[in-house]
Amino acid sequence: MTTQGDEREKFAAFLLRMRGQGLDRRDLMAAVEATPRANFVPTQWTSAAWSDRMVPIGCGEALEGIDLQMRILAALELEPGHRVLEIGTGSGYTSAIIARLANRVLTLERFRALTEEARRRHEELGITNVLVRQADGIHGAAADGPFDRIVAWA
């Protein structure tokens with residue numbers, strides 16, 4: 001079982017890894033710190049939540065390692081007024097981070113169970129600027145655009 005102290009240590013190690021890679025955007029790291037990653041990871045995998053390895057989340061899908069997620073989010077250079085399309089909601093973690101940095105997030109997930117779980121997690125955290133929709137995402141969401149940024153998880 002992971003304790004709160006273990007979580008803090010793993011988060012600190014994550015921050016050091018990111019700084020070592022030259023990624024030190026304060027707004028991004030503040031959004032990560034404000035979003036409890038363990039809430040988006042199945043209980044049996046919480047010890048791996050802050051690792052760079054993928055974590056199974058259900059429906060045969062996986063949550064990307066935190067290092068990859070942060071490098072991609074940093075590359076998006078999100079700003080407060082941005083509208084973002086995310087294809088591949090997964091657990092909802094990334095859209096929760098994006099929601100803390102951008103104005104509006106539309107996230108598409110093909111599996112109903114993952115869609116409902118992500119929506120529930122966002123609601124529990126009081127995140128209101130994310131629209132979680134069950135959809136394949138192969139054709140994007142042109143009717144909901146335009147978008148300032150688009151991220152697709154494969």
Side-chain angles (χ1 to χ4, degrees), residues 2 7 10-11 14-15 17-18 21 23 25-154:
T2 305
E7 282 295 308
K10 290 177 182 182
F11 178 72
F14 156 74
L15 286 177
R17 284 195 315 271
M18 294 295 97
Q21 295 175 26
L23 198 158
R25 282 191 53 185
R26 290 182 189 265
D27 61 342
L28 178 56
M29 293 307 140
V32 171
E33 188 172 18
T35 309
R37 188 163 167 89
N39 290 17
F40 295 85
V41 176
T43 306
Q44 67 268 32
W45 295 104
T46 55
S47 65
W50 292 103
S51 74
D52 193 25
R53 63 184 273 201
M54 294 181 79
V55 178
I57 58 169
C59 299
E61 298 295 314
L63 177 64
E64 289 77 8
I66 187 71
D67 296 36
L68 174 63
Q69 284 181 308
M70 291 310 107
R71 286 194 303 271
I72 290 172
L73 291 178
L76 290 174
E77 297 180 348
L78 297 167
E79 295 179 11
H82 281 164
R83 293 169 44 102
V84 181
L85 171 63
E86 177 188 43
I87 300 172
T89 308
S91 70
Y93 180 75
T94 309
S95 53
I97 298 292
I98 294 170
R100 297 183 190 284
L101 299 168
N103 183 50
R104 181 177 177 273
V105 183
L106 170 60
T107 183
L108 307 177
E109 174 56 56
R110 63 185 174 151
F111 294 107
R112 182 182 334 210
L114 293 178
T115 301
E116 291 171 1
E117 290 171 11
R119 191 176 292 128
R120 178 188 51 78
R121 289 178 180 118
H122 292 148
E123 288 173 2
E124 288 173 356
L125 292 173
I127 297 172
T128 60
N129 61 332
V130 176
L131 175 60
V132 183
R133 185 179 298 157
Q134 184 184 358
D136 185 283
I138 197 163
H139 300 293
D144 294 295
F147 297 98
D148 299 292
R149 301 290 188 267
I150 298 173
V151 61
W153 302 101

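We're numbering straight along the sequence, starting at 1.
- Taking the charged nitrogens against the carboxylate oxygens, D52 and R17 have no contact shorter than 4.0 Å, which rules out a salt bridge.
- In this structure, L23 and L28 have side chains that are in contact, with non-hydrogen atoms separated by less than 4.5 Å.
- For A118 against V132, the heavy-atom pair with the smallest separation is CB-CG1, 4.4 Å.
- Judged by distance alone, the side chain of E64 and the main-chain N or O of M54 form no donor-acceptor pair under 3.5 Å.
- Between P36 and L125, some side-chain heavy-atom pair lies under the 4.5 Å cut-off.
- Residues I138 and I87 have side chains not in contact (no heavy-atom distance under 4.5 Å, counting atoms from C-beta outward).
- Looking only at side-chain heavy atoms (C-beta outward), F14 and M29 come within less than 4.5 Å of each other.
- Remark: the backbone N or O of S51 is not paired with any side-chain donor or acceptor of K10 at under 3.5 angstrom.
- A96 and F40 get closest at one heavy-atom pair: CB-CZ, 3.9 Å.
- Of the possible donor and acceptor atoms, none in the side chain of R53 sits under 3.5 Å from a partner among the backbone N and O of A48.
- Residues V41 and A49 share a closest heavy-atom pair of CG2-CB, 4.0 Å.
- A 4.5 Å side-chain heavy-atom check between L85 and D144 finds every atom pair outside the cut-off.
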Could you pull out all donor-acceptor pairs under 3.5 Å where a side-chain atom in residues 146-153 meets a protein atom, sequence neighbours excluded?
{"unit_1": "D148", "atom_1": "OD2", "unit_2": "R83", "atom_2": "N", "d": "2.7"}
{"unit_1": "R149", "atom_1": "NE", "unit_2": "L76", "atom_2": "O", "d": "2.5"}
{"unit_1": "W153", "atom_1": "NE1", "unit_2": "E86", "atom_2": "OE2", "d": "2.9"}

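- Residues I66 and Y93 are in side-chain contact: their nearest non-hydrogen atoms beyond the backbone lie under 4.5 Å apart.
- Distance check, rounded to the nearest 0.5 Å: CZ of R25 to CE of M70 gives 11.0 Å.
- A pairwise comparison of heavy atoms in V130 and S95 identifies CG2-O, 3.7 Å as the closest pair.
- When each of E109, E61, R121 is tested with S91 by the rule side chain to side chain contact (heavy atoms under 4.5 Å, CB included), just one qualifies, namely R121.
- Here the closest heavy-atom approach between residue N129 and residue N103 is recorded as ND2-O, 3.1 Å.
- Between R120 and E116, none of the side-chain N atoms (NZ, or NE/NH1/NH2) sits under 4.0 Å from a carboxylate O, so this pair counts as no salt bridge.
- With rounding to the nearest 0.5 Å, the separation of CD1 in I97 from CD in Q69 is 8.0 Å.
- Screening T115, T89, T94 for a side chain to side chain donor-acceptor pair (under 3.5 Å) with T107, the sole residue that qualifies is T89.
- M18 places none of its side-chain heavy atoms less than 4.5 Å from the side chain of V32.
- Across every non-hydrogen atom of L131 and R104, the tightest pair is CD2-NH2, 4.1 Å.
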